[in-house]
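Counting convention: from 1, in listed order, for ligands and their atoms alike.
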Amino acid sequence: MLNTSIEYLKGVGSAKAEVLKKELGVFSCIQLLQHYPFRYVDKTKFHKIKDVKDENDYVQIKGILRRVDSIGEGRKRRMKGVFRDETGMLELTWFKGLSWVQNLQVGMEYIVYGKPTLFKGKVSLVHPDMVLFTEVKKANASTLEPVYPTTDKLRNKRLDSKGMLVIMKNVFIKLHPQRHLVPESLPDYLLEKLRLPGRYAAWMGIHFPRDKQQRDLAQKRIKFEEFFFLQLRMLQTKHQKKIGIRGFIFNKIGHYFNTFYQNNLQFELTNAQKRVIKEIRADIATGHQMNRLLQGDVGSGKTIVGFMCLLIAIDNGFQTALMAPTEILAQQHYVSIQEMAEGLGLNIGLLTGTVKGKRRKVLLEKLEAGEIDLLIGTHALIEAPVVFKNLGFVIVDEQHRFGVVQRAKMWRKNPTNPPHILVMTATPIPRTLAMTAYGDLDVSVIDEMPPGRKPINTYHKFESQRLWTFGQMKREIAKGHQVYIVYPLIEESEYEGLSEVKDLMEGYATIEREFPKPQYQVSIVHGRQKPAAKKAEMDRFARGETQILMATTVIEVGVNVPNASIMIIENAERFGLAQLHQLRGRVGRGGGDAYCILMTGFKLSSDGRIRMQTMVETTDGFKISEADLKLRGPGNIEGTQQSGVLNLKLANIIQDAAILRAARGIAQEILAEDPLLKAPKNAPLLRQVQLSQKKHGFGQIS
Ligand code: ADP
Ligand code: MG
C-alpha cells in the first residue's frame, strides 16, 4: 500500500493528486507520510484572557461569544467580536470571510485559537479559529495539532493544513490494519539501543501525536534516520573507493619538490601546512585513490600547500591540473604559480574559455603529448576535447562553486586510474555541513595563520560617516599603504548592464574630488572593461603606482597586494557573509595593522544587520560560516543544492547537530564491523541502501 498512488486515496482524486505531485513531489502514500508538519498547535493548553498579551505566541481560550458587530463600510468593513471568559474580555477581528462570521452563534461557548496582535491600540485575535465547545467535546480534538507547509496552489485545491490533515487521516485509516507489514528501515538492535520507536509508530507520532513526548521521540527517530542513511551511504562510498579503486603511488620526492623547497620557498611553512602536506603525502603513497577536502581560512596558505603536492606528482612522472571557478582566478593562479615555480623548468599551461584557435590547438596537442606538467584553467579543463597523457593529481579550488558532476568528470580524465583529487574550499564550511555535503571525502584542515597576521579591525559605518572613512584612508595612504574600495554587482543577470558601473562611477567622482591628482592616483576595474585594460589597472595598483583600487567584485578572490591595508566595502549589505569574509581577507597580509570598513545605508534588513554585526565581531572564518549557515540554511549554501546530498526533510544540520554526530558515529561503527552490510541483523540497512541507490543513482562516484 505504501507505494500506491495517492490518487486512489479517499478524499484525494485526480485533481488533488496532480497538484500534490506538482507542488510537493508527492506521488505515493509513503511520500505523503514523509510530508511532515513544520510546527504544532498546542490544543492541550488553555489561556485566561487576563494573561493574553500581544507578544504571546498562539493562544487558545475557552469562553463565550458575547456579540458580533459589523463596523465600517465597503472595503473598510470589518467584523468585531467580543469574547469573554471569567477573567476578562477580548476582541476578535475579521476582515475577510465575513459571511462565515455572521453564522457564529452569539451566546454560545466557543474555543478560540489565534495569535494576539495589537489592533487599534487593543489586543485582538485576528481571524481566529473558532469551534463550538460542544463540537470539540464530541471530536475529542484537544491535542497537538500538526501544521503542514502548504502553497497557494495547494490551498486553491482545499489542501491547506487542515485539508492535508484530512487526507493524512485517511492514509492512516487504510494503513493501520496493515501496520505490521510496514518494512522497518532500522534494525531492531539499533532501535533498542537508541530507544527509538518503530517506523509506523514514528509516522503516527509525528502526524497524530498524543503528547509532546511522543512527538519528540517520533521526530528524533526520523531525524536520526535521515542523517544515518546519508552517512551510511557516504561512508560506504568512501570505503568502497578506498578498497575498490586503485590509485597511483607517488612515493618519490624528487628534483622539483626539492629544488622548490631549497631555492624558491620564501618563508617557513606553518606547522599546520607541514602537517597537511604530510597527510597528503601519506595518502598518495598507499595505492588508493585520494579524495580529500582541504579546509582553511582565507589567507591560511592553501595554494602553496596544493602546489607542493602537485610537485610531488610531477616528480613521479605525472601530469597535474588546477581547476578554478572563474577566468580571473585561473589567470591569477597562473601568474602566481609561474612566479613560485621560477627556475624549476616546469611546463605550465593556461586553458580558459578565451584561449582559442591556434593557441588552444597547440596547447591541447602538447597536453596530449605529455609536454605540459601543470594545466591551470577553468571548467574548460574537464570538457571532452581536453586529453591528458597521464593525469595524476588534480586540485579543485573553491569547490563550493563546482558540483559533484564536475568532480566525477575529472575522475575519468585518466583511463588507467582516476587521479588523486584535492578539493580546496575558499571559505571554511561548518563541520556539520562538511560531514554531510562532503562526508565521503577525507578532510585536512589548516587551522593556523602564517605568522605576523593580526586580526583585521572591522567597522560598520553609515553613509553619514563617510568623512570618517575618508580620514582613515588618508591616514593609511600617508603611511604609504594602499586602499581597496569594492562595489557589489547588483544582480548576476545585470552583469552586462550599466548598474554596477553606475554605482562605481558615481563613487569614482566623489573619490576624485576628495583625493585629487596628482597627489593621489586611482585604479578602476570593472566587468565591462577589456581584459587587457583590466589587467593594466590591476598591475598599476600591484606595483604601487596607484594608492586606491576601486572595483566591482572582480577582485573578490585571489588578488594579493600585501601593502594594501584598508578594504572598504560599499553597500556591504548586498554581500553575503562568505563574500564579505573573502574580501576582508585581501588586506592584512603585510604584517601591519589592517582595516575593513563596511559601508551601508541606514535601512538594513534584520539579516543584513546580523551580517554586519558578525563581521565586526569575529574574523574567524569557521564562526562566520556557522553564522552564514544559520542565516541562509544549508540548502542555500552554494554547491549543496545541485549535489543532491542534503535531501533532509525534517533534520536540520544546525539544530540537530548532536543527532548528526551520533548518526555518523553509529554508521562508522556498523561499517567497521560489517562494511558490506551482509550480516543478517543488518538486512534492513542493506535493503534501504540499495533502494536509495536505485532512486538517487548514487554510484561509486559521489
Ligand atoms: P588561501 O588559503 O586563501 O588560498 P594563499 O595560499 O593565497 O591563501 O596564501 C595567502 C598569502 O600568504 C600568500 O601571499 C602566500 O604566499 C602567503 N603565505 C602562505 N603560507 C605562508 C607562510 N607559511 N608564511 C608566510 N606567508 C605565507
Ligand atoms: Mg586561495
K.L.:
Taking the side chain as everything from C-beta on, heavy atoms only, tell me whether Asp503 gets closer than 4.5 Å to Thr552.
P.N.:
no

K.L.:
Output yes when the distance from some N or O of ligand 1 to some N or O of Gly301 is under 3.5 Å, and no in every other case.
P.N.:
yes

K.L.:
Test your reading of the model: is there a side-chain donor-acceptor pair from Arg611 to the backbone of Phe575, 3.5 Å cut-off?
P.N.:
yes

K.L.:
Looking only at distances, can you tell me whether any N or O atom of Pro450, backbone or side chain, sits closer than 3.5 Å to an N or O atom of ligand 1?
P.N.:
no

K.L.:
Out of all atoms in ligand 1, which are within 4.0 Å of some heavy atom of Ser300? Include the element for each.
P.N.:
2 (O), 8 (O)

K.L.:
Answer with yes or no whether Glu268 contacts ligand 1, where contact means a heavy atom under 4.0 Å from a ligand atom.
P.N.:
yes

K.L.:
Strictly under 6.0 Å, is that where the ring centroids of His460 and Phe462 end up?
P.N.:
yes

K.L.:
What atoms of ligand 1 come within less than 4.0 Å of a heavy atom belonging to Thr270?
P.N.:
23 (N)

K.L.:
Can you find an N/O atom of Lys302 closer than 3.5 Å to an N/O atom of ligand 1?
P.N.:
yes

K.L.:
When you measure from the side chain of Thr458 to the backbone of Ile456, do you find a donor-acceptor pair of N or O atoms at a distance under 3.5 Å?
P.N.:
yes

K.L.:
Could you grab the distance from atom CD of Glu476 to atom CD1 of Ile548, nearest 0.5 Å is fine?
P.N.:
12.5 Å

K.L.:
Hey, is Gln273 touching ligand 1 through its side chain, its backbone, both or neither, going by heavy atoms under 4.0 Å?
P.N.:
side chain

K.L.:
Heavy atom under 4.0 Å from ligand 1: found in Arg589's side chain, backbone, both, or neither?
P.N.:
side chain

K.L.:
Counting each atom of ligand 1 from 1 as listed, which ones have a heavy atom of Thr303 under 4.0 Å away?
P.N.:
4 (O), 5 (P), 6 (O), 7 (O)

K.L.:
For Phe393 and Phe250, I'd like to know if the aromatic rings sit close, meaning centre-to-centre distance below 6.0 Å.
P.N.:
no

K.L.:
Should Gly296 be listed as contacting ligand 1, given a heavy-atom distance under 4.0 Å as the test?
P.N.:
no

K.L.:
If the cut-off is 4.0 Å to any non-hydrogen atom of Val298, which atoms of ligand 1 fall inside it?
P.N.:
3 (O)

K.L.:
Any idea which part of Asp297 is under 4.0 Å from ligand 1, heavy-atom wise: side chain, backbone, both or neither?
P.N.:
backbone

K.L.:
Between Phe515 and Phe470, what is the ring plane arrangement, given parallel below 30°, perpendicular above 60°, and tilted in between?
P.N.:
perpendicular

K.L.:
About how many Å separate CG of Asp283 and NE2 of His420, when rounded to the nearest 0.5 Å?
P.N.:
7.5 Å

K.L.:
Quick one: look at Leu269 and ligand 1, take heavy-atom pairs under 4.0 Å, and tell me if it's side chain, backbone, both or neither.
P.N.:
backbone

K.L.:
How far apart are the C-alpha atoms of Leu364 and Leu351, what are their side-chain angles, what is the distance that settles it, and do they pass the side chain to side chain contact (heavy atoms under 4.5 Å, CB included) test?
P.N.:
CA-CA 9 Å; Leu364 291 183; Leu351 181 68; 4.3 Å; yes

